[in-house]
Number of protein chains: 2
Amino acid sequence: MMSEVEAKTASEQTRARLLDAAREVFAEHNFQGATVREICRRAEANVAAVNYHFGSKEGLLAEALNFSQLAALQKANVQADECPKMRLRMFLHDFMLMLLDEKNASTQCRIMARELADPTPALDQIVSEAIAPLHEFLGKLLREIIGDKVSEAELRRCVYSIFGQCQFYRHSHPVLQRLHPKLRYDHKEIEAIAEHITEFSLAGIKHLAKK
Amino acid sequence: MMSEVEAKTASEQTRARLLDAAREVFAEHNFQGATVREICRRAEANVAAVNYHFGSKEGLLAEALNFSQLAALQKANVQADECPKMRLRMFLHDFMLMLLDEKNASTQCRIMARELADPTPALDQIVSEAIAPLHEFLGKLLREIIGDKVSEAELRRCVYSIFGQCQFYRHSHPVLQRLHPKLRYDHKEIEAIAEHITEFSLAGIKHLAKK
DNA sequence: TTTACTTTCAAACATGTGTTTGATACAGTT
DNA sequence: AACTGTATCAAACACATGTTTGAAAGTAAA
């Protein structure tokens, strides 16, 4: 995930530290709940630093967003020399790892999840830069599997069905933890989840294709 | 959905007005974002009323939660004289109506969705009183369809797959609105969604059962 | 070194928050 | 009518928030 603190000047370093800290705090609390003071405390910067470098708390959030990992995932998938079903399996595997692996930089996903629940102006940016391309990507992939018999509206609902299953494990994590306290999102569990979603969804898709 | 303002004494009426207003405001903002002053303004009560009648903002939230509609839905479904597949279809239809119909009292669902994103002590109550029974209900229903060949863990993932699809339309509503501004959750659309989830999921379940 | 500019800092500002207070109005009982 | 416990109210309290300010420290070119 690479931290950003490798810049040059002292000013650039504080900027980078602020961005790192902001990603952490925005991932832990929603926009309203995250405080500038907490971010600055973790970045070891003065409270005024956020407004000096980013204009406002909102400006900081906008710059803290980073979708490069998500874009890379899609690019690698498109370039992979595999059949559509296999690419769906690969995508769900990589996507769920990104979504659930705690050691990884899923901070971006967490921030996005919080924006869904309580939108700020940043959601427009997230939708146009990250979610819309992602939905288009999966739509095209499903179209390769499903053929031309299925309407555009039905295809879209299949995309929703898949992302819905994926996001459930992130959104409902607080609930699942209470229902099954032993639950841990380790590598093995994540792969089992991805495999389940793949099988479940492929069956659903095929059924709709031949109906 | 029946408002609660039909009580006896003046004190009970303000209590009821406060609860109604609280459900509205908690549904619109998350717990932190909802302000006592806004609730009291809508209830046409004094700011001190919340603490007088409910002890605190948290106490108000705890009393504002109400899962009777959800429980009634399950009870009716269990008592229905239909085959399991048909009961799944009925459940998803009713559940999605409850989840998405804006005219209906989906305020409870909205509050629950907000608690998922940013848990407060009320989430424990929500999980034990509403979500755990709901998951158990759907688990039993799926077991009737899927038979005994599938492990408990796989069955649970099927439950997750279904609820994931359902919740997606609520959680991601802000996103879907931006992606497809013409989208409206009218009765017809909700029924189409429920039908899609039913077909998609039944295919997924059957596939896992015979694997 | 001097100068001009950028960056940091402690403090203050303005506002919004949940909660408390003490007085006042109201209800029902005697 | 007088009394008593309850409910309402405006005001204040205590605290947290994002942001601004003006001075101090730092930086780099002349």
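Chain naming here is simple, since letters A, B, ... match the order of the sequence lines and numbering starts at 1 in each. A quick note: this is a predicted structure, and the numbers were derived from the prediction, not measured. Computed from heavy atoms alone, side chains included, the values below leave out hydrogens, waters and symmetry copies.
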message = So that I know where these two stand, are A:Phe163 and B:Phe168 an aromatic pair - ring centroids less than 6.0 Å apart?
response =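 Ring centroids of A:Phe163 and B:Phe168 are no less than 6.0 Å from each other.
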[X] has an atom [atom1]; how far is it from atom [atom2] of [N], in whole Å?
X: B:Lys57; N: C:dG18; atom1: NZ; atom2: P; answer: 4 Å
X: B:Leu60; N: C:dT17; atom1: CG; atom2: P; answer: 16 Å
X: B:Phe31; N: C:dG18; atom1: CZ; atom2: P; answer: 8 Å
X: B:Gln32; N: C:dG16; atom1: CD; atom2: P; answer: 16 Å
X: B:His29; N: C:dG16; atom1: NE2; atom2: C1'; answer: 14 Å
X: A:Asn51; N: C:dT6; atom1: CG; atom2: P; answer: 18 Å
X: A:Glu44; N: C:dT8; atom1: CD; atom2: C1'; answer: 14 Å
X: A:Arg15; N: C:dT7; atom1: CZ; atom2: C1'; answer: 13 Å

request  = Verify side chain to side chain contact (heavy atoms under 4.5 Å, CB included) between A:Arg41 and A:Thr35, making sure each step is shown before the conclusion.
outcome  = CA-CA 10 Å; A:Arg41 202 180 53 74; A:Thr35 75; over 6 Å; no
With a 4.0 Å cut-off, would you call [X] and [Y] a salt bridge?
X: B:Glu199; Y: B:Arg89; answer: yes
X: A:Glu129; Y: B:Arg178; answer: no
X: B:Arg157; Y: A:Glu189; answer: yes
X: A:Asp20; Y: A:Arg42; answer: no

task = Could you identify which residues of residues 111-124 of chain A place a heavy atom less than 4.0 Å from some atom of DNA chain C, listed by residue number, or say none?
result =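 None - not one residue of the stretch has a heavy atom sitting under 4.0 Å from the strand.
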ask   = Going by heavy atoms in the side chains, are B:Leu142 and B:Val150 under 4.5 Å from each other?
value =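 The answer is no, as the side chains (C-beta and beyond) never meet within the 4.5 Å cut-off.
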inquiry  = Do A:His29 and B:Gln32 make a side-chain contact, defined as non-hydrogen atoms from C-beta onward lying under 4.5 Å apart?
reply    =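 Side chain of A:His29 against side chain of B:Gln32, heavy atoms only: no contact under 4.5 Å found.
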task = Determine the interplanar angle of the A:His196 and A:Phe200 rings, folded into 0 to 90°, and report it as parallel if under 30°, tilted if 30 to 60°, perpendicular if over 60°.
result =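 Rings of A:His196 and A:Phe200: tilted, as their planes differ by 30° to 60°.
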Taking N or O atoms only and anything under 3.5 Å, show me the protein contacts with nucleotides 21-23 of chain C, one pair per line.
none

key: Out of C:dT19, C:dT8, C:dT7, whichever nucleotide has its closest atom nearest the side chain of A:Ser11   =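 Closest nucleotide among those given: C:dT7.
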message = With a strict under 4.0 Å distance from non-hydrogen atoms of chain B, what nucleotide opens and what nucleotide closes the contacted stretch of DNA chain D, reading 5' to 3'?
response =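 Extent of the interface on DNA chain D: D:dT6 to D:dA12.
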ask   = Picking from B:Glu154, B:Glu152, B:Glu136, what satisfies salt bridge (Lys or Arg N to Asp or Glu O under 4.0 Å) with B:Arg143?
value =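 Answer to the salt bridge (Lys or Arg N to Asp or Glu O under 4.0 Å) test with B:Arg143 among B:Glu154, B:Glu152, B:Glu136: B:Glu152.
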ask   = What are the two closest non-hydrogen atoms of A:His180 and B:Arg156, and how far apart are they?
value =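 The answer is NE2-CD, 3.2 Å.
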message = Any side-chain N or O of B:Thr9 below 4.0 angstrom from OP1/OP2 of C:dA27?
response =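 Answer is no, no contact under 4.0 Å.
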